[in-house]
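Have a look at the structure below, then the notes.
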Amino acid sequence: MDRELYGREAIFSGDGLAARLTGLDPSSSAKAPFEHRDDPPVVVLTGGRGMGKTAVLKRLRTLYRDVTPIALVDCEAVTPPEDPGPGWTPVTGVLPLLATQLTPKVRAAKPVQFPRLSLGLVAVAGISWSQEDDTRAQRDLQALGPVLATVDPRSGTVAAQNWVSKVLPKLAASAFDSVAPLAGMVAETTVETVLEETFSRFQRHTADWYGSYPHAGGNGKVGLRQLAIDFERGGDLRRRAEDHLVGALVEDLYRAYRGLARGSRRGRPVILLDNAHAPLGRQLVEPVLRQRAAGQRDQIVFVAASRSHDHEGLRHATRHRLPEVAHASRWERGADVSSGILAVELTPLDASHVQAAFERYDRAGRTPAGLARGVHRLTGGRPLCVSLFARAAGDAVTLHARTSGASPDPRSLVPGTLFDRTVEVREDRPPVRVADELLERLLPDQRLDVLSVLAASHGEDSARLLARTRLRGASMDGDVALRMRDVLRTEDWPVGPDHFVADPLLRSLLLHRLRFGDGDHPHYAMWRAVHESLRGAYATGGGITSVRHRLYQELVLGRVAACVTYLRETFHQPDVLGWLGELRFIASAPYPRAGTDDGPDLRRASALGQDLASGPLPDTETGLDGLAGEAAELQTQLRRLLHAVWLVSDPLALPDDEVTDKMAHELRQLSGRHPTGNSVLWDAATHWPRDVRSWQPLSMPPGTHPRGTGHGRRDGGPYA
């Protein structure tokens, strides 16, 4: 079943992009005015993993499959059969898939036939046939049965055997004294047999289309022969032959529309290409772009999806974000071939879309207030992630209501606790854990064990240090950290100087796996070893000396006292803005959660100055040991402030009004203590609570957030 889509009205509305391209309203199938009547662009939807590209293509197929010919293929999923012949390549493998999907009868129109494509595929299929291996010939022709059946439904196993029984004797009779390339002879003999046995006398003229092939001199049979020869020779010549086969598919589909009685077919046919950034995607799209740039018109709607927004094939494309094409694409063809592309960036869901997704799975409204907004902040509005979190939250509140008859404690259901919930994503699969499913979908077939370790690092230097100390057994040639950096870039994930894995959600998922993946509760030996390695590296003499990074690691490890002591000892320095920046950075450290515990967050009690359930902490853990008077008071105050900032800036938690107010109170109190920086601290007491309540990262300097820039997720720290 297709996933429910939100925030994609620019594509699916009655006057949206799909309607203007196809001439058909996607919801009602009513006729819609064309925006580009004679020359539509190739539309490429761009966006990283989880942005809903595949979901959009599947929805288009669902909406249009009964009213216009439509096909969907995944360019990364076209794999060779068990025993492919020399005539199989990804292009010759995918073209029959497209043709057979485009063939079925649609409303008020007969099925589309593909005679030109059939002949071209037959020509290249037999480039290595021989009398000694008639089984290969039968298997190759039988594999083409579905596309040949678009011309003659009788083209099945028996027909393939008959063709082979006639092709091979003819080949033997003509090859004895010939010096012509064998591939061309096989192609010519096979095509002649197929034309005689399968094509009606009205269809045989379709072979003439290949007369335009290079060196064919207008003779279609010569063109098919040369096509097979070029295909066998490989390299650029094979690419030329494959391009011509793509053109055959386009020509057949175009002919099904041209010259028909007015109104016999409605709208335009649609070809959907998922993962078109793969080499196969370019091999399918570029011939069409060249033909259109040369003035040929085919009226086919191509919609492709690409993870890469800066792919070289998009260099001269017209670029817009999705909302900008809601009513007009503002695309015009330029001089360059790739200007025939309209690249549309799929935008993240906004907070209202995320709320709608949560309400779909929790119609009784039992989900804690703010959870949907917290998930929006954590995921950045990535549709796949929103959908899984919404399912998990809906299941959690339903289960809680069923067992207790009440809604869950709002503080026990936060974004971080949803990682370990299980959801059913498909009826034919057992329920899966949210964190595991997201990592599998966002980083498929990657070394998660390696990336989980490197996710703890800040930049390349610390990542390479971890690779040397903690990943010596990783079976990779060369620098592990740089290889994983290239993997992230290839998958279109950001890599930054502040965090090796720069996307907050992906980093959170990887660190969650690092902490809990080995099942070593309550020791978390691997997780602890990684962070101890980083703490040592940042210590004096450790190789990457940095006080604030060392304290960050201390906080990750739950050692709060050293962090508070440092903040106290540096508080009275003149650079109070720098001091606030260090406070914010240290407090962005991951909170060391224990297992799947969804009880109260211990940071809350510390921020509010309350004793923990286990009782007061000893002075050695609070940093009060040996302190008295004003120093002890400042230490206690800064301990409360650090815990408050740590909690309110954690994207795996939810903002707490009482803690936010307490943070503001502590900053105002500190403003009166500082000899020169009282105004900066006062501004922080005013603006940081506003940042928290508007789901923004804490601004530096306080109050300088550019409004309207989203939720600022790039500034978030790594969380686990």
Side-chain angles (χ1 to χ4, degrees), residues 351 370 373-374 376-378 380 496-499 504 546-549 551-552 555 560 563-564 566-589 591 603-604 606-609 634-719:
R373 192 68 185 270
H376 178 251
R377 175 179 66 175
L378 173 64
D498 296 327
H499 296 288
S546 170
V547 174
R548 69 179 196 148
H549 285 85
L551 293 172
Y552 175 102
L555 199 57
V560 182
C563 302
V564 179
Y566 173 79
L567 291 171
R568 174 179 57 80
E569 291 175 347
T570 57
F571 174 71
H572 291 97
Q573 294 179 359
D575 184 13
V576 69
L577 190 60
W579 182 88
L580 277 177
E582 290 195 320
L583 166 65
R584 187 183 73 157
F585 177 81
I586 294 168
S588 70
Y591 178 59
R603 291 174 294 183
R604 186 175 193 276
S606 297
L608 298 176
L634 183 58
Q635 181 85 4
T636 301
Q637 190 174 9
L638 290 173
R639 178 180 171 81
R640 293 194 297 264
L641 177 62
L642 176 62
H643 279 91
V645 176
W646 197 9
L647 177 58
V648 301
S649 57
D650 184 351
L652 297 189
L654 292 178
D656 184 303
D657 284 341
E658 194 172 355
V659 172
T660 302
D661 290 340
K662 186 65 172 175
M663 176 184 69
H665 172 77
E666 301 296 354
L667 286 167
R668 290 194 183 95
Q669 293 296 310
L670 290 172
S671 174
R673 284 179 174 271
H674 201 280
T676 60
N678 57 325
S679 106
V680 175
L681 290 164
W682 188 269
D683 286 344
T686 301
H687 294 293
W688 278 10
R690 293 181 187 172
D691 295 336
V692 172
R693 292 187 172 107
S694 62
W695 303 88
Q696 298 277 351
L698 302 182
S699 52
M700 286 297 297
T704 58
H705 253 316
R707 297 299 170 183
T709 57
H711 40 75
R713 57 196 302 269
R714 297 289 178 205
D715 284 342
Y719 303 91

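Listed by first and then second residue, the ring pair (Phe, Tyr, Trp, His ring centres under 6.0 Å) pairs that reach into residues 659-686 are F571-H674, sequence neighbours excluded. The list of salt bridge (Lys or Arg N to Asp or Glu O under 4.0 Å) pairs with a residue in residues 673-689, not counting sequence neighbours, reads E630-R673, E633-R673.
The shortest non-hydrogen separation linking L654 to G374 is CD2-CA, 3.8 Å. R639 approaches V560 most closely through the heavy-atom pair NH1-CG1, 3.6 Å. Closest non-hydrogen pair, S694 versus R373, comes out as O-NH2, 3.9 Å. Considering every non-hydrogen atom in both A587 and L642, the closest pair reads CB-CD1, 4.0 Å. Across every non-hydrogen atom of L555 and I586, the tightest pair is CD2-O, 3.2 Å. Of all the heavy atoms in P675 and H572, the pair that sits closest is CD-CD2, 3.9 Å.
Between atom CG of residue L583 and atom CG of residue L551 there is a gap of 11.5 Å, rounded to the nearest 0.5 Å. Here CZ of R548 is found 13.0 Å from SG of C563. Values are rounded to the nearest 0.5 Å. Interatomic distance, CG of N678 versus CZ of R668, reported as 13.5 Å (0.5 Å rounding). To the nearest 0.5 angstrom, W688 atom CH2 is 8.5 Å from S649 atom OG. With rounding to the nearest 0.5 angstrom, the CG atom of L681 is 11.0 Å from the OG1 atom of T686.
Between S546 and Y552 there is no side-chain heavy-atom pair separated by less than 4.5 Å. Side chains of L647 and M663 form no contact here, defined as non-hydrogen atoms less than 4.5 Å apart. Side-chain atoms of R604 and E658, non-hydrogen and from C-beta on, do get closer than 4.5 Å to each other. Side-chain contact check for R693 versus D657: some heavy-atom pair is nearer than 4.5 Å.
Side-chain N or O atoms of S671 include none that pairs as donor or acceptor with a backbone N or O of L667 at under 3.5 Å.
Applying the salt bridge (charged side-chain N to carboxylate O under 4.0 Å, His left out) criterion to D575, with sequence neighbours excluded, gives no partner residue. Qualifying salt bridge (charged side-chain N to carboxylate O under 4.0 Å, His left out) partners for E582, counting only residues two or more places apart in sequence or in other chains: none. Taking the salt bridge (charged side-chain N to carboxylate O under 4.0 Å, His left out) definition, one finds that E569 meets it with nothing, sequence neighbours left out. Listed by chain and residue number, E666 satisfy the salt bridge (charged side-chain N to carboxylate O under 4.0 Å, His left out) test with R640 (two or more places apart in sequence, or in another chain).
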- Query: Could you walk me through whether L577 and M700 pass the side chain to side chain contact (heavy atoms under 4.5 Å, CB included) check?
  - Reply: CA-CA 8 Å; L577 190 60; M700 286 297 297; 3.8 Å; yes
- D650 vs R377, salt bridge (charged side-chain N to carboxylate O under 4.0 Å, His left out): CA-CA, chis, key distance, verdict: CA-CA 10 Å; D650 184 351; R377 175 179 66 175; over 6 Å; no
- Give the intermediate values and the outcome of side chain to side chain contact (heavy atoms under 4.5 Å, CB included) for residues Q635 and L567. CA-CA 8 Å; Q635 181 85 4; L567 291 171; over 6 Å; no
- Task: Start with the C-alpha gap between L670 and W579, add the side-chain angles, then the distance that decides, and say whether side chain to side chain contact (heavy atoms under 4.5 Å, CB included) holds.
- Result: CA-CA 12 Å; L670 290 172; W579 182 88; 4.3 Å; yes
- Task: Given side chain to side chain contact (heavy atoms under 4.5 Å, CB included), test D656 with V648 step by step and report yes or no.
- Result: CA-CA 7 Å; D656 184 303; V648 301; 5.6 Å; no
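The cationic atom of R603 (NZ for Lys, CZ for Arg) lies less than 6.0 Å from the six-membered ring centre of W646 and within 45° of the ring axis.
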